[in-house]
S.K.: 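Dumping the structure here so I can ask a few things about it.
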Amino acid sequence: MGTQRKSGRSPGASVALERNESEVQEILDRLADAVTEGNGKAVAKMWAVPALVLGDTMARPVSTLLEVEQFFGGAKQQYNARGISDTRAEIVELHWPTPRIAIAEVRWPWLDAAGVEKGDEVSTYVFRRDDAGKLRIQAVIMHGASSEM
């Protein structure tokens with residue numbers, strides 16, 4: 001796992017970027033825990049609305065945090081039915097186009113109960129820092145599975 005910075009900022013700005021990389025990883029770690037626990041309420045707290053979820057076959061606007069909560073509340077059962085019981089966020093690339101917006105490509109390995117990887121999926125997340133300074137998910141682009149179980 002690695003991160004790549006693409007920024008025209010001065011070398012002195014790297015301290016702030018390092019802190020922000022940790023902040024993005026922490027949000028993604030909490031997201032992994034909440035999704036694998038089926039805790040839609042916890043997932044919704046990490047989002048901002050309006051939001052957008054894009055995939056090859058769909059474009060879904062998200063208007064309320066209740067929509068986020070309901071969608072992710074059932075994710076645990078969907079993954080468990082496929083033999084997936086855990087995951088972790090592996091940041092492939094992280095880019096800060098502005099001080100308030102981060103774009104992270106993330107690989108999610110599918111882990112069975114023994115911790116054995118059974119496939120994975122990749123998504124790109126657009127985070128935006130709100131007026132209170134909190135970084136939240138504003139959009140997701142689903143790349144899909146790179147390998148199937």
S.K.: Go through V62 and L52 one step at a time and tell me if the side-chain contact (heavy atoms from CB on, under 4.5 Å) criterion holds.
M.R.: CA-CA 6 Å; V62 180; L52 183 62; over 6 Å; no
S.K.: What closest approach, in Å, do P97 and I103 show between heavy atoms, and which atom pair accounts for it?
M.R.: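 Shortest heavy-atom separation between P97 and I103 comes out as CG-CD1, 3.9 Å.
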S.K.: Quick check against the 3.5 Å criterion: does E105 have a side-chain atom that pairs as donor or acceptor with the backbone of L94?
M.R.: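 The answer is no, because no donor-acceptor pair under 3.5 Å joins these two groups.
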S.K.: Closest approach of A42 and A34, non-hydrogen atoms and distance?
M.R.: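 Scanning both residues completely, I find the closest heavy atoms to be CB-CB, 3.8 Å.
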S.K.: Determine whether T36 and K76 make a side-chain contact, defined as any pair of heavy atoms from C-beta on separated by less than 4.5 Å.
M.R.: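 When only atoms from C-beta onward are counted, K76 and T36 do not touch, as no gap falls below 4.5 Å.
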S.K.: Measure up the Y125 and W108 rings against each other and bin them: parallel (under 30°), tilted (30 to 60°), perpendicular (over 60°).
M.R.: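 Perpendicular: the ring planes of Y125 and W108 meet at over 60°.
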S.K.: Just how far is it from atom NE2 of H143 to atom CZ of R107, taken to the nearest 0.5 Å?
M.R.: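 Taking NE2 in H143 and CZ in R107, the distance rounds to 13.5 Å.
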S.K.: Specify the closest pair of heavy atoms between E117 and L111, including all atoms of both residues, with the distance to one decimal.
M.R.: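 Nearest pair, atom of E117 first, then L111: CA-CD2, 3.8 Å.
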S.K.: Identify the heavy atoms of D112 and K118 that sit nearest to each other, and give their distance.
M.R.: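 In terms of heavy atoms, the two residues are closest at OD2-CE, 3.0 Å.
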S.K.: Can any side-chain N or O of S123 pair as donor or acceptor with the backbone N or O of M142 at less than 3.5 Å?
M.R.: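 It does not hold such a pair.
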S.K.: Determine, stepwise, if the pair R60 / V140 fulfils side-chain contact (heavy atoms from CB on, under 4.5 Å).
M.R.: CA-CA 10 Å; R60 180 181 174 157; V140 178; over 6 Å; no
S.K.: Between D120 and R88, does the salt bridge (Lys or Arg N to Asp or Glu O under 4.0 Å) criterion hold? Intermediate values first, please.
M.R.: CA-CA 10 Å; D120 67 347; R88 65 180 171 271; over 6 Å; no
S.K.: For the atom pair CD (Q25) and CD1 (I91), what is the distance rounded to the nearest 0.5 Å?
M.R.: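 Here the interatomic distance stands at 4.0 Å.
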S.K.: Please say yes or no: joined through hydrophobic side-chain contacts below 4.5 Å, possibly via intermediate residues, are Y79 and F72 part of one cluster?
M.R.: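 Same cluster.
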S.K.: How far does CH2 of W110 sit from OG1 of T87, to the nearest 0.5 angstrom?
M.R.: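 Answer rounded to 0.5 Å: 9.5 Å.
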S.K.: Could you give the distance from CZ (R30) to CG (N39), rounded to the nearest 0.5 Å?
M.R.: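 One finds 11.5 Å between CZ of R30 and CG of N39.
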S.K.: Report whether V24 and V126 are members of the same hydrophobic cluster (ILVMFWY, side-chain heavy atoms less than 4.5 Å apart, transitive linking).
M.R.: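 Different clusters.
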S.K.: Verify side-chain contact (heavy atoms from CB on, under 4.5 Å) between V106 and L28, making sure each step is shown before the conclusion.
M.R.: CA-CA 9 Å; V106 181; L28 292 167; 3.6 Å; yes
S.K.: Considering all heavy atoms of both residues, which atom of E67 and which atom of S63 are nearest to each other, and what is their separation?
M.R.: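 Where E67 meets S63 most closely, the heavy atoms are OE2-N, 3.0 Å.
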S.K.: What are the two closest non-hydrogen atoms of I27 and M46, and how far apart are they?
M.R.: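 Taking I27 first and M46 second, the nearest heavy atoms are O-SD, 3.7 Å.
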S.K.: Take W47 and L65 through the side-chain contact (heavy atoms from CB on, under 4.5 Å) test and state the conclusion after the steps.
M.R.: CA-CA 7 Å; W47 281 67; L65 293 178; 4.0 Å; yes
S.K.: Should E69 and K45 count as an ion pair when the cut-off is N to O under 4.0 Å?
M.R.: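 Not counted as a salt bridge, because no side-chain N and carboxylate O are separated by less than 4.0 Å.
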S.K.: Once rounded to the nearest 0.5 Å, what's the spacing between atom CZ of R100 and atom CG of D131?
M.R.: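 Spacing of CZ (R100) from CG (D131) equals 5.0 Å.
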S.K.: Examine I137 and V122 and state if one hydrophobic cluster contains both, with Ile, Leu, Val, Met, Phe, Trp and Tyr joined whenever side-chain heavy atoms are less than 4.5 Å apart.
M.R.: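 No; tracing contacts between hydrophobic side chains, which count when under 4.5 Å, never links both residues.
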S.K.: Short question: side chain of N80, backbone of I84 - any donor-acceptor pair under 3.5 Å?
M.R.: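 The answer is yes, because a donor-acceptor pair under 3.5 Å joins these two groups.
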